[in-house]
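Everything on this sheet refers to the single structure shown next.
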Amino acid sequence: QVQLVESGGGSVQPGGSLRLSCAASGDADSRNCMAWFRRAPGKEREGVASLYLHITNTYYADSVKDRFTISRDNANNTLYLHMNNLKPEDTGMYYCAAKYAYGYSDCRPLGSYTDWGQGTQVTVSS
């Protein structure tokens, strides 16, 4: 079992930046795919970005391309989401997730993941 704990959320003005963190513990080495999802009020969960650890392959939703960057500190088993040029539509609860993927094509921010964090709130407002 893997435990995931997110942090780094907060309130920021449009155009601002935030860095989310997701600390993984437990049997984290058994998971080779990690991702960020978000859920805005009244909307369905949306995949934001994913990272396939073996070859550091990344995938981004069109809505966040060129603004968000997913990365991982392997030494500390921590996943990051660097968010720049934030927009009001980026507001939502952000969740970290992990799973075992059968190749990089199986590591997308969609479908089912086996492990989830509790979420961290991001609010973008002027």
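- Through direct or relayed side-chain contacts under 4.5 Å between Ile, Leu, Val, Met, Phe, Trp and Tyr, Trp36 connects to Val2, Leu4, Val12, Leu18, Leu20, Met34, Val48, Leu51, Leu53, Tyr60, Val64, Phe68, Ile70, Leu79, Leu81, Met83, Leu86, Tyr94, Val122, Val124.
- Between Tyr80 and His82, the two ring planes are tilted [angle within 30° to 60°].
- Taking each heavy atom of Asn32 and Ala101 in turn, the nearest pair found is OD1-N, 2.6 Å.
- The local environment of OH in Tyr52 is crowded, with over 12 non-hydrogen atoms from other residues, nucleotides or ligands closer than 6.0 Å.
- Scanning for side-chain hydrogen bond (donor to acceptor under 3.5 Å, both in side chains) contacts around Lys43 gives an empty result, with sequence neighbours left out.
- The OG atom of Ser30 sits 7.0 Å away from the CG atom of Asp115 when rounded to the nearest 0.5 Å.
- Under the 4.5 Å side-chain contact rule for hydrophobic residues, Tyr113 and Met93 share a cluster.
- Within the 3.5 Å criterion, the main-chain N or O of Gln118 finds a donor-acceptor partner in the side chain of Glu6.
- With 3.5 Å as the limit, one finds no donor-acceptor pair spanning the side chains of Ser63 and Glu89.
- Counting heavy atoms from C-beta on, the side chains of Thr120 and Ser7 never come closer than 4.5 Å.
- For the atom pair Arg108 CZ and Cys33 SG, the distance stands at 9.0 Å (nearest 0.5 Å).
- Residues Tyr59 and Pro109 are in side-chain contact: their nearest non-hydrogen atoms beyond the backbone lie under 4.5 Å apart.
- Surrounding CG of Asn74 are more than 12 heavy atoms belonging to other residues, nucleotides or ligands, all under 6.0 Å away.
- The structure places CG of Asn77 at 10.0 Å from SG of Cys22, a figure rounded to the nearest 0.5 Å.
- The pair Lys87-Asp90 does not meet the salt-bridge criterion, since no charged nitrogen lies less than 4.0 angstrom from a carboxylate oxygen.
- Annotation: the span from Thr58 atom OG1 to Lys65 atom NZ amounts to 10.0 Å, rounded to 0.5 Å.
- Distance check: Glu46 CD to Arg38 CZ gives 4.0 Å after rounding to the nearest 0.5 Å.
- In this structure a side-chain-to-backbone donor-acceptor pair under 3.5 Å is missing from Ser125 to Pro88.
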